[in-house]
Every structure is written in C-alpha cells, then in structure tokens.
Amino acid sequence: MANIVKTILGRSQVLLHNPQFSSRYYCAANKSYEFIKAELTGANKKVALITLNRPKALNALCNGLMSELSNALDEIEANKNVAVVVITGSEKAFAAGADIKEMKDNTFAQCFAGNFLNNWNRVARMQKPVIAAVNGYALGGGCELAMMCDIIYAGDKAKFGQPEVTIGTTPGAGGSQRTPRALGKSKAMEMCLTGNMIDAQEAEKAGLVSKVIPADKLVEEAVKLGDKIASHSQLIVQMIKEQVNTAYETPLNEGLKFERRGFHASFGTKDQKEGMNAFTEKRAPKFIDE
Ligand SMILES: CCC/C=C/C(=O)SCCNC(=O)CCNC(=O)[C@H](O)C(C)(C)COP(=O)([O-])OP(=O)([O-])OC[C@H]1O[C@@H](n2cnc3c(N)ncnc32)[C@H](O)[C@@H]1OP(=O)([O-])[O-]
C-alpha cells in the first residue's frame, strides 16, 4: 500500500510514494512522475520544490520530463496553498539540454505538425514566482529553462551555455532571445555562436543569476528565498511579477502606465489595507491574498 511521504498541492492532491517503484512519485490524480520529484517544503510548506530527476542522462529534457513538469506546474498554479516554485536538478546537472537522442531523427514536418516545444514555455507562463536553483550544467534547453524562471540562484560550480550550434541546430526555447536581454548582445552572441559555457561567477557578474551559493547549500538558500517571497501577499507578489515582466514586452512609457495602474489597483485589495495599517500600528501584517 502506498505511503504518503510528502504532501504536495494540499487537499485532494496528495503526493504519494509507492515503495514498489523507487523513483516514481504519484499524486492523487494518479499521475505518475517518472522524471521529476515534487514536494512541498519551506517554513510553512508554501514552496513547491520540483527536482528534475533523470540523473543518468544529466536531466536531458525529454518529452516525458517536460510534460510531467508542465502537469505539475498546472497543479501548483491551481493550488492556493502554494506560493512559490523552486526548480532544481542534481549537483552535476540542472539539465544538459533537450534530449538529443530523442529528437535527433525528427523531421521538419514532424516538428512542425507536432508543434514540437509547444509545452516548453509553461514555466514562463506561471503567475506564481519561479526560482531556478542551478547546480552543474545548464546547457541549451537547460539554460533556456532556467531563464524562463523569475530568479536564478547558481551553485558555485554551475555552468551555463547554448551549445546548439555545436550540434547543428539553433536555440529553440528562448536561448537566442533571453540571453541578449539578460547578458547583453556581445556576450549572448559569443555564447550562442561558439557554444562556449560561462561559469557561475561570470553569469552573476553579467546579471544572468542573482546570487552564487556553495553547491551544497543552493537548494536550502533558494527555498529560504521562496519563504521570504511567500511571506508577502501572494496577490501583490503576482501583480509585481507581471509588472516586472511587462518591462520586457513594452516601451518604457507603456510599462510605466501599466505599473501605475497596478499600483492604483493595489488600493482595491484587502492586503494593501492590512499592510499599511500594520505598518502604522507597528505590528506584522497578516495577509490573506485578497
Ligand atoms: C529545446 C529547444 C532547443 C534546445 C536544444 C538543446 O538543448 S540541444 C542540447 C544542448 N546540450 C548539449 O549539447 C550538451 C550535451 N551534453 C554534453 O555535452 C555532455 O554530456 C556534458 C559536457 C554536459 C557532460 O559531459 P560528461 O562527460 O560529464 O557526461 P556524458 O557526456 O558522459 O553524459 C552522461 C550521459 O548523459 C547523456 N546526455 C548528456 N546530455 C544529453 C542530452 N542533451 N541529450 C541526451 N543525452 C544526454 C550522455 O549521452 C550520457 O549518456 P550515456 O552515453 O552514458 O548513455
């Protein structure tokens, strides 16, 4: 009989672990996770930690893994008890890219008709904040997946790269678009045109990652960051995430207008009243995400 070992996603969505299947994780919807692990963690169990779990292939992002990740994120998005997501891999690899062995014989017609990569941007579409905790290799699709997240923390041995050019293809999940925004044109061009990797320290200096942390403390620190974000009003947090993302999509004056409207709208929330009253009453706020 399956034992409940970790609670994820609250109420009806309880993550079960069946000892008969050592690396398989189950949730109540009977979805089996073969390529990822998911658990609720953090001080108040408001942080969903997703671990990419294909160690023999350095977490190469096969279709099965990406589809499990997308399903798990759908559940997390719908669960009011979860405030923040942390995505991590192993100490050796966050993810060494899309699965080359799986896709190598694809034809253009198959890619086009099957809308290959259609579900890859689920991470970028999350309303809840997503933190990437990157140890080891984040290459190709792995680097792209990290860049879809809102904040990247890197272990001190992490390496980032877009090596698609070395295997006769191009970035396909944002590598050529997000690296220039994150690193500037020259460094992005160098990475994408040579396939050379940059290390964690260089990535931090260039602004791709916000903090470099000793590898064995990385996930703990990312979860602490998640806890800090989860301590605020989730309604307001998600509005701010939308505002910051708007900076990438619009000219400055449009972005500023969007931000101003968000600020105005915050005065229609109970959490704004609570936050400002708590400040004047010199007490900690109790947010209700409304
Ligand atoms: C999505 C949009 C577009 C994106 C495109 C891409 O991402 S293109 C991809 C861009 N990424 C790249 O081009 C990076 C490709 N990877 C590498 O260059 C090297 O693996 C390494 C430098 C990361 C580590 O070297 P190392 O000597 O420490 O380790 P090792 O090499 O011995 O690997 C261990 C096992 O993992 C396997 N495996 C690893 N990666 C993949 C993969 N992507 N796929 C499948 N399998 C992969 C590897 O075959 C081996 O399995 P085996 O043979 O034992 O059954």
Side-chain angles (χ1 to χ4, degrees), residues 23 34-37 50-73 87-126 130 132-149 152 154-183 187-203 208-209 215 218:
S23 66
E34 184 181 354
F35 303 116
I36 64 173
K37 290 193 255 177
I50 295 183
T51 306
L52 310 180
N53 187 33
R54 259 194 106 194
K56 284 190 184 141
L58 304 186
N59 291 330
L61 303 166
C62 60
N63 292 327
L65 188 154
M66 291 312 289
S67 144
E68 287 185 5
L69 180 62
S70 177
N71 290 342
L73 291 173
I87 301 179
T88 195
S90 68
E91 279 211 15
K92 168 132 191 192
F94 177 74
D99 190 320
I100 299 168
K101 294 168 191 168
E102 188 179 69
M103 71 181 165
K104 72 183 180 54
D105 295 323
N106 284 358
T107 62
F108 166 72
Q110 283 167 335
C111 290
F112 187 80
N115 210 356
F116 183 37
L117 303 183
N118 186 38
N119 63 349
W120 271 60
N121 71 345
R122 181 64 188 94
V123 175
R125 289 190 293 100
M126 285 295 283
V130 186
V134 176
N135 265 326
Y137 296 110
L139 302 179
C143 187
E144 292 171 321
L145 179 63
M147 289 190 293
M148 285 178 208
C149 299
I152 306 178
D156 52 2
K157 306 273 184 335
K159 286 192 187 308
F160 298 84
Q162 296 293 155
E164 290 88 346
V165 69
T166 68
I167 54 166
T169 187
T170 76
S176 69
Q177 303 304 299
R178 291 196 173 99
T179 53
R181 285 165 168 84
L183 300 155
K187 206 169 273 290
M189 279 287 189
E190 192 177 335
M191 273 174 80
C192 293
L193 298 182
T194 63
N196 290 350
M197 300 179 208
I198 59 170
D199 63 22
Q201 292 70 22
E202 197 176 349
L208 178 67
V209 315
L218 173 69

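Indexing begins at 1, ligand by ligand and atom by atom, following the structure's order. These numbers were taken from a predicted model, which means no experiment stands behind them. Here, residue 1 is the first one in the sequence, and each next residue gets the next number. Scope of the values below: all heavy atoms of this structure, side chains included, with no hydrogens, waters or symmetry mates.
Among protein heavy atoms, atom 51 (O) of ligand 1 sits closest to K101 NZ, 3.3 Å. Of the protein's heavy atoms, A60 CB, 4.0 Å lies nearest to atom 41 (C) of ligand 1. Counting only heavy atoms of the protein, atom 3 (C) of ligand 1 lies nearest to G172 N, 3.4 Å. Among all non-hydrogen protein atoms, the one lying nearest atom 20 (O) of ligand 1 is L58 CD1, 3.7 Å. Among all non-hydrogen protein atoms, the one lying nearest atom 40 (N) of ligand 1 is A96 CB, 3.5 Å. Closest to atom 13 (O) of ligand 1, if we only count protein heavy atoms, is P163 CG, 3.6 Å. Distance from atom 47 (C) of ligand 1 to its nearest protein heavy atom, with residue and atom name: A57 O, 3.9 Å.
Which parts of ligand 1 touch I167 is read off a 4.0 Å heavy-atom cut-off, strictly below it: atoms 8 (S), 9 (C). Those atoms of ligand 1 that come under 4.0 Å of a heavy atom in K92, given as number and element, are 26 (P), 28 (O). Atoms of ligand 1 lying under 4.0 Å from at least one heavy atom of G97, given by number and element, are 7 (O). Close contacts of ligand 1 with E164, meaning ligand atoms under 4.0 Å from a residue heavy atom, involve 4 (C), 5 (C), 6 (C). The atoms of ligand 1 that sit less than 4.0 Å from any heavy atom of L139 are 14 (C), 23 (C). Below 4.0 Å from some heavy atom of M103 lie the following atoms of ligand 1, by number and element: 8 (S).
Heavy atoms only, all atoms of each residue included: D156 and A215 are closest at OD1-N, 3.2 Å.
Counting only distance, with no hydrogens or angles, the side chain of S90 and the backbone of K92 share a donor-acceptor pair below 3.5 Å. Side chain of R54 to main chain of A60: a donor-acceptor pair is present (N/O by atom type, distance under 3.5 Å, no hydrogens or angles).
Ligand 1 has at least one atom lying under 4.0 Å from a heavy atom of K56.
By the definition of a contact as any protein heavy atom under 4.0 Å away, atom 36 (O) of ligand 1 is in contact. Inside a 4.0 Å radius of atom 31 (O) of ligand 1 there is not any protein heavy atom. When distances from atom 18 (O) of ligand 1 to the protein are checked, no heavy atom turns up under 4.0 Å.
Distance CG/N121 to CD/E144: 11.5 Å, rounded to 0.5 Å. If you take CG on L139 and NZ on K159, they are separated by 10.0 Å, rounding to the nearest 0.5 Å.
Within a 6.0 Å sphere centred on CD of E102, other residues, nucleotides and ligands contribute more than 12 heavy atoms.
Contact annotation: the side chain of R178 never approaches that of L183 to less than 4.5 Å [non-hydrogen atoms, C-beta and beyond]. Contact annotation: the side chain of V123 approaches that of I87 to within less than 4.5 Å [non-hydrogen atoms, C-beta and beyond]. Side-chain contact between R122 and L69 is absent, with no heavy atoms from C-beta onward closer than 4.5 Å.
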